[in-house]
4 protein chains.
Amino acid sequence: MSHNSFGYLFRVTTWGESHGPAIGCVVDGCPPGLRFSEDELQQWLDKRKPGQSRFVTQRREADLVRVLSGAMPQEDGTFISTGTPISLMIENTDQRSKDYSEIARRFRPGHADYTYDVKYGIRDYRGGGRSSARETATRVAAGGLARKVVPGLKVRGALVRIGEHEIDRSRWDWDAIDSNPFFAPDPEIVPVWENYLDDIRKKGSSVGAVIEIVAEGVPAGIGAPVYAKLDQDIASNLMSINAVKGVEIGNGFAAAKITGEANADEMRIGADGKPQFLSNNAGGILGGIATGEPVVARFAVKPTSSILTERRSVDADGNEVDVRTKGRHDPCVGIRAVPIGEAMVACAIADHYLRDRGQTGRLT
Amino acid sequence: MSHNSFGYLFRVTTWGESHGPAIGCVVDGCPPGLRFSEDELQQWLDKRKPGQSRFVTQRREADLVRVLSGAMPQEDGTFISTGTPISLMIENTDQRSKDYSEIARRFRPGHADYTYDVKYGIRDYRGGGRSSARETATRVAAGGLARKVVPGLKVRGALVRIGEHEIDRSRWDWDAIDSNPFFAPDPEIVPVWENYLDDIRKKGSSVGAVIEIVAEGVPAGIGAPVYAKLDQDIASNLMSINAVKGVEIGNGFAAAKITGEANADEMRIGADGKPQFLSNNAGGILGGIATGEPVVARFAVKPTSSILTERRSVDADGNEVDVRTKGRHDPCVGIRAVPIGEAMVACAIADHYLRDRGQTGRLT
Amino acid sequence: MSHNSFGYLFRVTTWGESHGPAIGCVVDGCPPGLRFSEDELQQWLDKRKPGQSRFVTQRREADLVRVLSGAMPQEDGTFISTGTPISLMIENTDQRSKDYSEIARRFRPGHADYTYDVKYGIRDYRGGGRSSARETATRVAAGGLARKVVPGLKVRGALVRIGEHEIDRSRWDWDAIDSNPFFAPDPEIVPVWENYLDDIRKKGSSVGAVIEIVAEGVPAGIGAPVYAKLDQDIASNLMSINAVKGVEIGNGFAAAKITGEANADEMRIGADGKPQFLSNNAGGILGGIATGEPVVARFAVKPTSSILTERRSVDADGNEVDVRTKGRHDPCVGIRAVPIGEAMVACAIADHYLRDRGQTGRLT
Amino acid sequence: MSHNSFGYLFRVTTWGESHGPAIGCVVDGCPPGLRFSEDELQQWLDKRKPGQSRFVTQRREADLVRVLSGAMPQEDGTFISTGTPISLMIENTDQRSKDYSEIARRFRPGHADYTYDVKYGIRDYRGGGRSSARETATRVAAGGLARKVVPGLKVRGALVRIGEHEIDRSRWDWDAIDSNPFFAPDPEIVPVWENYLDDIRKKGSSVGAVIEIVAEGVPAGIGAPVYAKLDQDIASNLMSINAVKGVEIGNGFAAAKITGEANADEMRIGADGKPQFLSNNAGGILGGIATGEPVVARFAVKPTSSILTERRSVDADGNEVDVRTKGRHDPCVGIRAVPIGEAMVACAIADHYLRDRGQTGRLT
């Protein structure tokens, strides 16, 4: 994973800070001939957009994505990709002009302020600069293209835990996802989370979350057995999202607790005469290569460190200070991580699809 | 992460199958002037070597590593790196000549046999081929070099869970690690694990594990805030190890359950006048960049799928078959994953050390 | 060399087509703490800008470069790089709305129209699309940053041949470069070239050129001996410029004609007690590594294929057609290639400077 | 171009020094299912092997290549690639044990001794170490695999100039190549070169050369228009060969001297109803993408700097010394560069073939 890019044949490079004029990304390697529109990309961005409920930051950004290159505009307003780099840009419109002098030299606990300062000796402290979650908007836009690369690919995400409260998986209902502000697949958890988060929010506190991403239509055989593992690249992509502290594939850490008999997915010949798996503990990936079953990944997002309670810290001059975050914040950044996680998984799958096609000539 | 390589400036490319003449790796980008010996590398390999207790596979390999390039032999038998690629080779000596015709076309459940076949259309079925854990020996050798790149770096690992039984962290004792066959940091868990694994082994079963890696002496400031995140690259490296299904940094998935107040590590000025952290929930990494605190990573290893119990499967000809694994196997592959995990973490840190030195000119 | 990027630690990714809304690049890996201004970058762009004399294309673009990320704006209007990706954008302002239907399906001889169509099956035919020399403006902007990475680096270029007329090297005068429309280092060649090119221009013809780039202040020791050769990466960078058909380092192809005695540069200890070279046939690079002498590279640019004379061709429907280029064109694209070549050499040197600093810890 | 590797999907990493135990390479990304044998690879190595005539170095190496991984041995002694990394090794057998103390600290003019020392501070001085042309044997082996990746690809090379004497292109005869010790395509130049080189050799001198590589069967459409240009990657690969000082594609530097009318290759519809070019000044590449015409590249090799005449130099201790090279040497290293150039061009084409297949899905 290099610099500010990810992917190998479907390669995304992102740029931009929270309070600069714009953020954006360059998607290099997108196959030619894909039809898409700014509206389609926008629908994914809108899922991630701040200010949509009281449970996410009230920063208001239009977050309008614009296609600057790599695609021929068509008469109906859509684009067709030409195989050249697709540049996507989102202007920053809600850069409140405020006085940053206070935080310019103070290290907010749990943030990258201190480490950034050590590494670079200079830091764009305005709104978190490059470390702001705002950067993730560009990934969501890139993910909108990635979803088109693999025919039949469907990538969906859901929030499965907020703080102490986990969903009941027996009630899993994909149709519920978009009818609540949490992307919760369990309708009965919604009021629980609402009460819980309202309390967190009113206290100026925050709480962590776990997100699950499920990708269907992943062609069996993509990935690689040792280093360009599909699960490895998915894990890498998800770990690059702000505040993520853990990733697991299939039954993940639970696999550590059980026996080989309980864990290995058995196979039989299906009604269609093709091999089929009788379970999916592997999360759709064996030996780094897709089995054709749904790819299942989960990741843990820590509670945002921007809270109202005063915390002990230091400043760049070596003084001990107490820091508390004023202004807009996310009581649970994990909510908005759902579309981001979807995008990152879609990008990894698109990349491996193209890589496999390159090396083996399958998947035409 | 590309092909069969990992790392960017400290770049490791591995090659080899379980039953070919040899396995090996090329370490490209190792700084010049590092003194090392084959014996030093060997000590790490010996930690991973099969056949050292009844709890690991009885395959017997001398696993002797040989330096083929990139270093000047000195009169005392050591080498000094020259800055050119270091080629390390380990000959395969215990390739039991046996009849593989039975498994050549059968897909072992939980193994990469099926996915490999779908992807490549051809598979080296002898002993798992490229997917064999044998490949990991080369990583351990490369890790031996990585440990030398960063002055003062100390990377250690421990087994913290086998199946249902977890250690008691209050009893953590690094000195206990090497005095039991499990790399257990908790001496009192040892008899528990022995009984438990003896039972597993006798049944021809297997069980998963969790490994924790702790790296001390990681210079604050290495890593990067968005994509070349230190935690991301550690996660990627660990996920590339066979059978790993989950990775977490610091308090990991537990961070999802708590509040921002409980999670964010506060800071004060230490007795030495320098900033210090009052806790290490972050696992030594904030915003993708090292804080200077110990880097803490954990990963989950699934139970090996090679078990004596018959499992339902299919073969390459579309027949339903029942498969059980005869011969040598690891009741808990997680044990030998400890030195592998150490090596992969060391490589990620060495790589980021050189990258940071390149970009910022710090860390001379 | 991957996709639409070049460089390894100083990595430039470009995007954009001739007639889209904008072109731009992302410079990733730029060290933090470098002070620069848009005006400084603009001065390099202005050297390349069309419409400055009757000998280059009359397309009129303001070509104003804008910094979108990766740098903190200072009160005096300058920027300081922060170590994050620097996004540079240049809006396309002179996109004459014209009817492209005629050339949309015709392949202009000597252009990439046909090959593009074969590869991608779709092509942005408006003004050459991605293959337009317009893309090179972004390289020149990136080169402006590269020049700042290496302390003391000075990269200059000159036109040494137009068509049949070569300069007299004995009259080489760097001070003459900017006082004629050709970047000619030989004042006496200027009237010769003016007459020659006026004739070419009036005929609607075009002619090739040779450019020489000289980089002073290149630290001895940067580069690498086998694959990341400094001369190799310079050659690669120069060959990526549109219309370039050949590259040479030092005495280049002339070295093929002479003996080892005549070619190898001898050394002596200089007055400063340090090794010095008595000649520079090597062009400042031995075994892929800089000697400390000026790095000298030359490249040949073919005559642009946009000419008024009708040429035989075919169209996408399999018809034989005759094509001639109407409208604005460059009688000698080699002229504007001078600042582009400078930029590409500067980028290669900046990249190797950072790479060497990373691997060896020298060059702090 | 990174480190000691080249190629993107067909990626070659080489290792080894002149006087270590072995040299070798890892070919990563080779498609599965390719049948090859060590004998086939050996035939290419034998073309490059020293000691085959009085015009090349008398160092005698068996240069036997061995396949260590990535391929299943078949009953008939051949291998079939499995898609995993192919490790190729050549043992060094003729390492004359001699006293290197004299050259250990002296910088041979024209060699990389001085630059190596500046960069790394340590140098394997034995026989040139990593900078020895011996490393190129591994490229030739890798090229043997590359030739198999693209169906119908035929890559041939010829020597077109030795010092002052160039071939007559009107007498070009590919059948003559293998019947003279120079890979000369012009039988009548052979006695001229013999006399000329005998004279050079007896004087202990050396002379440069120009090699031309022609690749037929390159599928139209491979390459890319801006940075992953096919000609750029060919140039990069050729420039990475020891002693190469210049590269050109098609009519190369000659294109700088002519007009657009003379240079651009016109097109017509051929008897087969397909577009065809009426000339090939472009050398088979337009805008970085293959036209389907033969790809033509030339490169200049400088005279080896190992000559009997004393040359002025310095040593690592700051003393002025006179150096002359004793022992075996190549009067014209350009001769053995022919199979190396072929291999490097074949590797670039194989890489782009796979890349194009990946991005566009063509070329199944």
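Atoms considered below: every heavy atom in the structure, side chains included; atoms not considered: hydrogens, waters and symmetry mates. Residue numbers start from 1 in every chain, and the chains themselves are labelled A, B, ... in the order their sequence lines are given, proteins ahead of strands.
- The residue among Gly110(B), Gly208(B), Ser240(B) with the most heavy atom pairs within less than 4.5 Å of chain A is Ser240(B).
- There is no side-chain donor-acceptor pair under 3.5 Å between Arg324(A) and Ser306(A).
- For chain A, the option among Val118(B), Val247(B), Val207(B) with the highest count of heavy-atom pairs below 4.5 Å is Val247(B).
- Between chain A and the residues Ala112(B), Gly288(B), Ala255(B), Gly292(B), the largest count of heavy-atom pairs under 4.5 Å involves Ala255(B).
- Contact tally against chain A (heavy-atom pairs below 4.5 Å) for Ile269(B), Ile249(B), Leu238(B): the top residue is Ile269(B).
- With a threshold of 4.5 angstrom between heavy atoms, Gln359(B) approaches chain A through side-chain atoms but not through N, CA, C or O.
- Listed options Thr14(A), Asn242(A), Ile241(A) were ranked by heavy-atom pairs under 4.5 angstrom with chain B; first place goes to Thr14(A).
- Among residues two or more places apart in sequence or in another chain, the side-chain hydrogen bond (donor to acceptor under 3.5 Å, both in side chains) test is passed with Thr138(B) by none.
- Using a 4.5 Å cut-off between heavy atoms, Phe277(B) contacts chain A through its side chain alone, with no backbone atom that close.
- For chain A, the nearby parts of Ser313(B) are the backbone and the side chain; heavy atoms of each come within less than 4.5 Å.
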Walk me through whether Ile222(A) and Leu230(A) qualify under side-chain contact (heavy atoms from CB on, under 4.5 Å). CA-CA 7 Å; Ile222(A) 71 169; Leu230(A) 180 58; 4.2 Å; yes

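- Per-residue counts of heavy-atom pairs under 4.5 Å with chain B were compared for Lys274(A), Glu166(A), Met267(A), Gln276(A); the largest is that of Met267(A).
- Among Asp231(A), Val210(A), Ile258(A), Thr360(A), the residue with the largest count of heavy-atom pairs under 4.5 Å with chain B is Ile258(A).
- The contact between Arg139(A) and chain B is made entirely by side chain atoms (from C-beta outward), counting heavy-atom distances below 4.5 Å.
- The contact between Arg161(A) and chain B is made entirely by side chain atoms (from C-beta outward), counting heavy-atom distances below 4.5 Å.
- For Ile234(B), no part lies under 4.5 angstrom from a heavy atom of chain A.
- For the pair Arg268(A) (side chain) and Val321(B) (backbone), a donor-acceptor distance under 3.5 Å is present.
- For chain B, the nearby part of Ala209(A) is the backbone; its heavy atoms alone come within less than 4.5 Å.
- Heavy-atom distances place no part of Val323(B) under 4.5 Å from chain A, backbone and side chain included.
- For chain A, the nearby parts of Tyr116(B) are the backbone and the side chain; heavy atoms of each come within less than 4.5 Å.
- When each of Ser305(B), Ala290(B), Gly283(B), Gly221(B) is checked for heavy-atom pairs under 4.5 Å with chain A, Gly221(B) comes out on top.
- Partners of Ser206(A) under the side-chain hydrogen bond (donor to acceptor under 3.5 Å, both in side chains) rule, at least two apart in sequence or in another chain, do not exist in this structure.
- At a threshold of 4.5 Å between non-hydrogen side-chain atoms, the residues Tyr8(B) and His3(A) count as touching.
- Only the backbone of His111(B) comes within less than 4.5 Å of a heavy atom of chain A; no side-chain atom from C-beta onward does.
- Side chain of Arg201(B) to backbone of Leu197(B): no donor-acceptor contact under 3.5 angstrom is found.
- Checked by atom type and distance alone, the side chain of Glu293(A) never pairs as donor or acceptor with a backbone atom of Gly284(A) at under 3.5 Å.
- Judged by distance alone, the side chain of Lys245(B) and the main-chain N or O of Ala282(A) form a donor-acceptor pair under 3.5 Å.
- Here Glu135(A) is the residue among Arg108(A), His165(A), Glu135(A) with the most heavy-atom pairs under 4.5 Å with chain B.
- In this structure, the portion of Val301(B) lying under 4.5 Å from any heavy atom of chain A is its backbone and not its side chain.
- Contact annotation for Asp113(B): neither backbone nor side-chain heavy atoms come within less than 4.5 Å of a heavy atom of chain A.
- Between chain B and the residues Glu164(A), Glu261(A), Lys302(A), Met239(A), the largest count of heavy-atom pairs under 4.5 Å involves Glu261(A).
- Donor-acceptor pairing under 3.5 Å is lacking for the side chains of Asn280(A) and Asp265(A).
- Without hydrogens or angle criteria, Arg355(A) side chain to Leu9(A) main chain gives no donor-acceptor distance under 3.5 Å.
- Of the atoms belonging to Ala254(B), not a single heavy atom falls under 4.5 Å from chain A.
- Taking chain A as the reference chain and counting heavy-atom pairs below 4.5 Å, the highest number among Ser205(B), Gly287(B), Ser131(B) is found for Ser205(B).
- Within the 3.5 Å criterion, the main-chain N or O of Gly16(B) finds a donor-acceptor partner in the side chain of Arg130(B).
- For Asp322(B), the part sitting under 4.5 Å from any heavy atom of chain A is the side chain, from C-beta outward, and nothing else.
- No side-chain donor-acceptor contact under 3.5 Å links Asp233(B) to the backbone of Ala348(B).
- There is no contact between Asp117(A) and chain B, counting heavy-atom distances below 4.5 Å.
- Arg362(A) places a side-chain heavy atom less than 4.5 Å from the side chain of Asp356(A).
- For Glu248(B) and Arg298(B), the salt-bridge test passes: some basic side-chain N is under 4.0 Å from an acidic carboxylate O.
- Contact count against chain B (heavy-atom pairs under 4.5 Å) is highest for Gly260(A) among Ala264(A), Pro109(A), Gly260(A).
- A donor-acceptor distance shorter than 3.5 angstrom exists from the side chain of Thr115(B) to the backbone of Leu286(A), with no hydrogens or angles considered.
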